[in-house]
Each structure stands twice: as C-alpha cells, then as structure tokens.
Protein chains: 2
Amino acid sequence: MFSKSCEYAIRAVIFICTKNEENKVVKIQEIAEAIGAPVYYTSKILQQLCRLKLMGSLKGQNGGFYMGLEHKEIRLIDIVQAIDGDKIFNGCALGLSQCSERNPCPLHAQFKSIRKELKEMLESTTILDLSLNLLKGKTTLKKLNGIIK
Amino acid sequence: MFSKSCEYAIRAVIFICTKNEENKVVKIQEIAEAIGAPVYYTSKILQQLCRLKLMGSLKGQNGGFYMGLEHKEIRLIDIVQAIDGDKIFNGCALGLSQCSERNPCPLHAQFKSIRKELKEMLESTTILDLSLNLLKGKTTLKKLNGIIK
DNA sequence: TTAAATCATGTTTTCTAAATCGTGTGAATA
DNA sequence: TATTCACACGATTTAGAAAACATGATTTAA
Ligand code: FES
Ligand code: FES
C-alpha cells in the first residue's frame, strides 16, 4: 500500500504532532526511537518533508523537528503525496503503465471505488486528529513489546 | 498494493482463462507476450499456481498451461493469497509488526473499512468473470501501444 | 527410438528500495 | 569566539524483489 518511507513519515509526523502540544521541538533520535525506525533513514525522510514545508526544523543546540500552528491543517494525503507521489491514485491495480478510463484493465471497475474511498479517507484525515487519539492512549505507534521490524 | 509477481499472476490467469473457452492449453511464450511480462519470471509464477492446483499444466510437445472446468470457480483472492500471502489482509497500514484490534495504530479504524471492501471485492470476483469482459473487448491487458513496462 | 518441444527446478545476476556513512552548515551557550 | 550539538546533504552500502540463466524431466510426433 504505502512504501516503507511513507509509513515512517506518517508515524513520525503523528508523533511529532503529539509533542507539539507542549510546543517543543523533537530530536531525530527521540523520534526514531519512538516510532521504531532507523535514525538516519528517518532524518532523510523528515528533511524531505521540511523542504516541502509540511513541517519545520531547527538546527543547533536545542534543535529538532516540529509541527507548529502553520502545520495544523496538514492531512494524510499531503504526506503520502510528498513521499510516494500519486501512484496510488493513478497507478493501475494490475500494473499496466497507466490507469485509464479509456483502456481499462479487467480490474479497473472494481478497483475504482476502493481507490475513491481510500482517497477520501486520506483527504479528510488530519495529522492532528490522529495525534490526539495517540495522546489519549487510544492508539499506538509501537507494538507493546517494542518490536516493530 | 499487489506485488509485481501478483500482478503478473492475475494478468496471466485472466488471459489463460480466455483461451480456455477454446479448450486449449497455452504456451508460456504466448502468455508472457500477451500480458507483457518476462517469460522466465512468468513461468516461475505459474508453476507456483500449478502446485497449489489453481491451474493446470501439461509438459511435452503441445504442452502448456490451462484452466479447466475444475478451475472455473477460482477467485481473485485465491491468486492473491497464493502469491502475496495474506499480508494485505492482516498487515498494518503503517507497517507495525501486526494489525490488531487490541493495539491499533492511529490509522487502524480508518483503514479497516477500506480493507473490508477490498477483501469483499477479491472474494466475490471470479477469474472467469474478468476473462469474459476481456473477451468482449471491454478491457485490456496491455496498453494500446503495447508498452507495459 | 529418437529428437524436438515444453514445463520444472535450482542458481545466478540485476535492479531498486532501504539503510548507512561522512562531511558540511547553522545555532546556542559558555 | 570557540565549542558543541543537531539538522542538511551527497555518496555509499545492503538487502530483497525482480529477472535471467542453466539444466533436468516429461511428453509428443516423426
Ligand atoms: S486500468 Fe487498471 S486500475 Fe485502472
Ligand atoms: S494496526 Fe495498523 S491497520 Fe490495524
């Protein structure tokens, strides 16, 4: 569904968003630990999001990543598009070079409604929503035993 | 969504099914050409399906692959599970080691309904259905220009 | 009976996503 | 101003999926 990079990205922004309640920046070490992802790899992904202004960063001592007021409206679809592009929206379910109404693959009709539902979900869900549930302890970013792999 | 192997598998079985109308076995060369996939790779995938009795094969001259009466009821879900396992049904959207109701990730609730719809689609769709539409020319397994990539 | 055709199987190579490394740059603080 | 901390960025390495190869086994037809 999503690439590994995209999964890490989503997990990371949700986590950072929970910390932002306290108006703090979060160090990459802490982020990576919290979401169970490789440190260097995670930092690469977050830098990409920073370039696209989907989040912010501060260098130097007391530096880190943050999601401020200007990022409160970021939605899942923004993260997914930033990392995975829009292949999940216009890619063919059977791998034809492109999905088209004009030349549909045998699965096109059935796939269409699923993709629509997925898209609507990604468009309507904000990172903030997800982070609030995480704060309330309703959801988790790690398995209880701590192993994510 | 699906692995490349799985995409090839689905395209192949649909194609073979159309030929079965004429009660013929189809050579791997013809199959690979028709679905725009690498010959050796495709044969490996089909052999896997044969072992699981999801299709049949004949060796020797005039040999090839076929889908007979005993395979008329094969559904998309059978192919997908044979090749990709059931990670698309019990894998977590955010890559946690496992999807669970007990310890849901932040996307679990939203993802659940989409996965349900996908599963129902795969369960209810037979390869035969898809092949009939292909025969009628309503759908295609290749882009018109022949390039699938 | 022999040769050609075709699937079966194990091994090797290639390609790309994923992960790591090394060095640079900016900011805080002493 | 010097030192240290933390992100930025390009380059490299690793791992696993995808693709190709080589050889074996089985059937048909000449
Ligand atoms: S053409 Fe395959 S999903 Fe649209
Ligand atoms: S726990 Fe992530 S989708 Fe169910």
Side-chain angles (χ1 to χ4, degrees), chain A residues 1-13 16 19 24-33 35-68 80 82-85 87-88 91 94-95 148-149, chain B residues 1-13 16 19 24-33 35-68 83-85 87-88 91 94-95 148-149:
Chain A
M1 178 70 63
F2 306 125
S3 70
K4 213 116 193 61
S5 297
C6 194
E7 291 173 357
Y8 291 155
I10 296 172
R11 301 221 295 263
V13 292
I16 296 169
K19 290 300 175 175
K24 288 201 307 188
V25 299
V26 197
K27 284 187 294 188
I28 185 62
Q29 295 284 350
E30 183 181 352
I31 297 168
E33 207 284 323
I35 68 174
V39 176
Y40 290 114
Y41 194 50
T42 307
S43 77
K44 274 236 140 94
I45 296 167
L46 296 190
Q47 281 158 25
Q48 202 174 336
L49 297 181
C50 284
R51 279 194 290 272
L52 293 169
K53 310 286 185 198
L54 294 177
M55 55 186 299
S57 70
L58 285 178
K59 283 187 183 177
Q61 230 161 6
N62 307 326
F65 295 92
Y66 65 89
M67 297 197 67
V80 171
I83 305 295
D84 282 350
K87 66 171 188 289
I88 63 169
L94 295 188
I148 293 201
K149 168 86 173 300
Chain B
M1 177 71 60
F2 306 125
S3 69
K4 214 117 193 59
S5 298
C6 193
E7 291 173 357
Y8 290 155
I10 296 172
R11 301 220 296 262
V13 293
I16 296 170
K19 290 300 174 174
K24 287 200 306 187
V25 299
V26 198
K27 285 186 295 188
I28 186 62
Q29 296 283 349
E30 183 181 352
I31 296 167
E33 206 284 322
I35 68 174
V39 177
Y40 290 112
Y41 194 51
T42 307
S43 77
K44 273 237 143 85
I45 295 165
L46 296 190
Q47 283 156 23
Q48 202 173 338
L49 297 180
C50 285
R51 278 195 291 273
L52 294 169
K53 311 286 184 197
L54 294 176
M55 56 185 301
S57 70
L58 286 177
K59 283 185 181 177
Q61 228 163 6
N62 307 324
F65 296 90
Y66 65 91
M67 296 196 69
I83 305 296
D84 281 351
K87 66 171 188 287
I88 63 170
L94 294 189
I148 293 202
K149 167 97 171 296

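Owing to the predicted nature of the structure, the values given are computational and were not obtained by experimental measurement. Numbers restart at 1 for each chain; the letters A, B, ... are given by sequence-line order, proteins then strands.
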Atom-to-atom span, [atom1] of [X] to [atom2] of [N] - whole angstrom:
X        : N       : atom1 : atom2 : result
Tyr41(A) : dA15(D) : OH    : P     : 15 Å
Tyr40(B) : dT23(D) : OH    : P     : 12 Å
Tyr66(B) : dT27(D) : OH    : P     : 12 Å

> Does a side-chain heavy-atom distance below 4.5 Å link Ile16(B) with Val25(B)?
Replying inline: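 Answer no - side chains too far apart.
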
> Would a 4.5 Å heavy-atom cut-off, applied to side chains only, mark Leu54(A) and Val13(A) as touching?
Replying inline: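 No, their side chains stay 4.5 Å or more apart.
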
> Can you list, by residue number, the residues of residues 43-55 of chain A that have a non-hydrogen atom closer than 4.0 angstrom to DNA chain C?
Replying inline: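 Correct list: Lys44(A).
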
>> Applying side-chain contact (heavy atoms from CB on, under 4.5 Å), can you list everything that pairs with Glu30(B), at least two apart in sequence or on another chain?
In response: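 Expected list: Phe15(B), Lys19(B), Val26(B).
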
>> Holding to side-chain contact (heavy atoms from CB on, under 4.5 Å), I want the full list of residues that pass it with Ala9(A), two or more places apart in sequence or in another chain.
In response: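 Ala9(A) satisfies side-chain contact (heavy atoms from CB on, under 4.5 Å) with Ile45(A), Leu49(A), Ile79(A), Ile83(A) once adjacent residues are dropped.
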
> What one-letter contact string describes nucleotides 1-6 of chain D from 5' to 3', where B marks a base within less than 4.0 Å of any protein heavy atom, S marks contact via sugar-phosphate atoms alone, and - marks no contact?
Replying inline: ----BB

So which atom in [X] and which in [Y] form the shortest heavy-atom distance, rounded to 0.1 Å?
X        : Y        : answer
Val80(A) : Phe2(A)  : CG2-CE2, 3.9 Å
Met1(B)  : Ile88(B) : O-CG2, 3.8 Å
Cys50(A) : Ser57(A) : SG-CB, 3.8 Å

>> Once rounded to the nearest 0.5 Å, what's the spacing between atom CG of Leu46(A) and atom CD1 of Ile31(A)?
In response: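 The CG atom of Leu46(A) sits 5.5 Å away from the CD1 atom of Ile31(A).
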
> Which residue pairs satisfy the side chain to side chain donor-acceptor pair (under 3.5 Å) criterion with at least one member in residues 37-55 of chain B, sequence neighbours excluded?
Replying inline: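 Listed once each, the pairs are Ser5(B)-Tyr41(B).
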
> Does anyone know the first and last nucleotide of DNA chain C in reach of chain B, 5' to 3', at under 4.0 angstrom to a heavy atom?
Replying inline: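 In short, chain B contacts DNA chain C from dA5(C) to dT11(C).
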
> Can you check whether Cys6(A)'s main-chain N or O pairs, donor with acceptor, with Asp84(A)'s side chain at less than 3.5 Å?
Replying inline: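 Here the side-chain-to-backbone pair does not exist.
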
